[in-house]
Structure formats: structure tokens, C-alpha cells
Amino acid sequence: MKDLSYIKQHIHIMLTEKRYQHSLGVQKTAVHLATLYDVPVEKARIAGLVHDCAKDLSVDQLLKHAAQFDIIMDDLTKYQPELLHGVVGAVLAKDLFDIEDIEIIDAIRYHTTGRSSMTKLDKIIYLADFIEPSRDFDGVDLLRKAALSDLDKATLLALEHTIRYVMNKGKLLHVDTIHARNSLLLRQDGLEQE
Ligand SMILES: [Fe+2]
Ligand SMILES: [Fe+2]
């Protein structure tokens with residue numbers, strides 16, 4: 001893997017200043033959550049910094065990368081290609097920064113949708129994306145508070161926030177987000193093992 005300063009420098013070039021600051025915020029929040037929930041801090045640091053590396057690519061560029069890396073597009077992604085930034089970000093993380101760690105790659109890949117049986121690192125990046133210091137929306141303080149005391153509960157609240165938001169906008173909901181919520185609810189009831 002390339003060293004942190006190399007990655008940071010390139011992320012800065014790939015993103016708008018605002019998105020770069022967001023990424024630094026996600027990195028910081030992810031590191032904090034990792035220390036709280038006993039997750040390797042370096043994995044959280046890299047995944048947080050890199051998670052949105054494909055977010056400022058145009059739809060054309062996203063589609064080009066998807067073709068180049070043989071990414072299979074589900075129907076929903078064809079309608080909403082911006083959802084690709086997680087998947088494309090994951091392949092770019094490997095391609096540009098030699099990140100091989102599958103947990104880091106998956107946390108980047110699923111940071112927009114979540115997925116069934118999310119790992120602790122998946123949850124940390126998903127949440128950090130929501131609650132990093134520059135985020136400001138109704139309910140963010142509640143989520144910030146929840147994130148400090150219960151990782152599963154906070155992730156569930158964040159997923160439900162997304163689901164409500166997507167529905168209010170009349171947009172399509174990715175099936176992985178439903179799977180993520182269902183799997184956390186089952187886990188809460190002791191019906192799913194980690
Ligand atoms: Fe993102
Ligand atoms: Fe983000």
C-alpha cells in the first residue's frame with residue numbers, strides 16, 4: 001500500500017476542496033469510532049480518507065471505469081449511476097493506492113448503500129460519513145450521540161434516516177440498504193450471528 005501522505009495528496013487532487021474536507025472529517029470520526037469499538041485504527045483512517053475518492057467523477061467517467069473494471073451494474077445503478085462511486089472508489093483504491101485489505105475495500109464499496117451483515121468497519125465508515133463534523137441536518141446530534149454508545153443502534157438509525165430521505169425524494173432505494181437494515185434488526189433480536 002502507498003504511504004498515507006501519498007494517498008492524502010492524491011485524494012486532495014481528486015476531490016473538490018469541500019469534499020476533501022469532508023473526507024478528512026470522515027477519517028477523523030472513523031478513527032475515533034475505531035478506538036471506541038476496538039477496530040484497527042489504521043484501517044479506519046485509510047477507509048475514511050479514501051471512501052469518496054470516486055465521488056467527484058462525472059457520470060461518464062464512472063461508467064467508463066465500470067466498463068474498464070468489469071463492474072456488473074444492477075438495474076438500479078443503471079438508473080442512478082452516482083451510486084457507482086462506492087464500487088468504483090473501491091476498485092480505484094486498489095488500483096491507485098495498492099490497498100489490498102479486503103475489509104478496507106469493502107467498507108469503501110458499501111459506504112453508500114450498506115449491505116447485509118455489515119462488518120464493524122463497514123458500520124464505522126457508514127456512520128462517520130453521516131456524522132463527521134461538517135454534517136448538519138435534523139437529527140445529526142442524536143446520531144452522533146448514538147454512535148458513541150451503540151454502533152449497531154446508530155447504524156440502524158442512519159440507515160433508517162437514509163431510507164426515509166430516499167422515499168421522501170421519491171427516489172429508488174437500493175436493495176442492499178434494505179438488507180443492511182433487516183440484518184441489523186435480526187441481529188438485535190439475536191437471530192443473526194456476527
Ligand atoms: Fe460517498
Ligand atoms: Fe462521503
Side-chain angles (χ1 to χ4, degrees), residues 4 7-8 10-34 39 43-63 65-66 69 71 73-74 76-77 79-97 99 103-115 118-137 139-140 143-144 147 151 154-155 157-166 169 171-177 179-181:
L4 187 64
I7 297 176
K8 208 167 165 180
H10 279 255
I11 290 290
H12 202 169
I13 296 166
M14 292 166 83
L15 300 180
T16 61
E17 186 58 29
K18 192 170 177 226
R19 185 99 53 210
Y20 178 65
Q21 293 304 326
H22 160 70
S23 301
L24 294 180
V26 174
Q27 171 183 272
K28 189 177 165 200
T29 304
V31 163
H32 183 211
L33 294 177
V39 165
K43 292 193 189 204
R45 194 189 314 278
I46 300 292
L49 177 64
V50 176
H51 81 285
D52 264 345
C53 70
K55 179 84 177 180
D56 285 326
L57 296 177
S58 66
V59 167
D60 271 2
Q61 287 170 314
L62 283 172
L63 292 173
H65 283 304
F69 291 105
I71 292 168
M73 308 245 294
D74 54 41
L76 177 48
T77 314
Y79 279 108
Q80 279 168 219
E82 64 275 11
L83 279 173
L84 271 177
H85 84 269
V87 188
V88 170
V91 292
L92 286 181
K94 207 168 174 178
D95 197 52
L96 300 177
F97 307 131
I99 297 170
E103 286 188 337
I104 298 177
I105 296 292
D106 279 345
I108 298 170
R109 175 184 299 256
Y110 295 106
H111 84 268
T112 24
T113 56
R115 60 164 164 168
M118 291 170 83
T119 65
K120 277 205 268 185
L121 186 63
D122 290 349
K123 292 171 196 165
I124 283 173
I125 299 303
Y126 188 84
L127 266 179
D129 198 16
F130 253 84
I131 61 169
E132 58 91 3
S134 74
R135 291 287 198 199
D136 186 17
F137 56 88
V140 70
L143 268 176
R144 287 191 177 118
L151 186 61
T155 306
L157 287 174
L159 284 162
E160 290 177 345
H161 186 279
T162 300
I163 291 168
R164 270 194 294 270
Y165 176 83
V166 169
K169 290 248 166 197
K171 288 177 107 183
L172 293 161
L173 188 55
H174 199 284
V175 70
D176 280 345
T177 309
H179 287 315
R181 177 175 182 267

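Here the structure is a predicted model, which means the values were calculated and not measured. For the numbers below, each heavy atom of this structure counts, side chains included, while hydrogens, waters and symmetry mates do not. Just follow the structure's listing: the first ligand is 1, and inside any ligand the first atom is 1.
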Using only atom types and a distance under 3.5 Å, with no angle test, would you say the side chain of Gln21 pairs donor to acceptor with the backbone of Lys18?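 Judged by distance alone, no pair lies under 3.5 Å.
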Counting only N and O atoms by type, is there a donor-acceptor contact under 3.5 Å from the side chain of Thr155 to the main-chain atoms of Leu151?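 Yes; at least one donor-acceptor contact below 3.5 Å.
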What is the name of the N/O/S atom in His22 that sits closest to the Fe ion (ligand 2)?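 Sorting the N, O and S atoms of His22 by distance to the Fe ion (ligand 2) puts NE2 first.
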Metal site the Fe ion (ligand 1), protein N/O/S atoms found under 2.8 Å: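 For the Fe ion (ligand 1), protein nitrogen, oxygen or sulfur atoms under 2.8 Å: 3.
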Contacts under 3.5 angstrom, residues 79-86 side chains, donor-acceptor by atom type, not counting sequence neighbours:
residue : atom : partner : partner atom : Å
Gln80   : OE1  : Leu172  : N            : 3.4
His85   : ND1  : Glu82   : O            : 3.0
His85   : NE2  : Asp52   : OD1          : 3.0
His85   : NE2  : His111  : NE2          : 3.0

State which residues pass ring-ring contact (aromatic ring centres under 6.0 Å, His included) with Tyr110; sequence neighbours excluded, sorted by chain then number.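 Here no residue qualifies.
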Would you call Arg19 and Asp56 a salt bridge, using N to O less than 4.0 angstrom?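 Looking at Arg19 and Asp56, the cut-off is met.
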Show me the donor-acceptor pairs, under 3.5 Å and distance only, between side chains in residues 157-166 and residues at least two apart or in other chains.
residue : atom : partner : partner atom : Å
Glu160  : OE2  : Arg181  : NE           : 2.7
Glu160  : OE2  : Arg181  : NH2          : 3.2
Thr162  : OG1  : Tyr126  : OH           : 3.0
Thr162  : OG1  : Ala158  : O            : 3.1

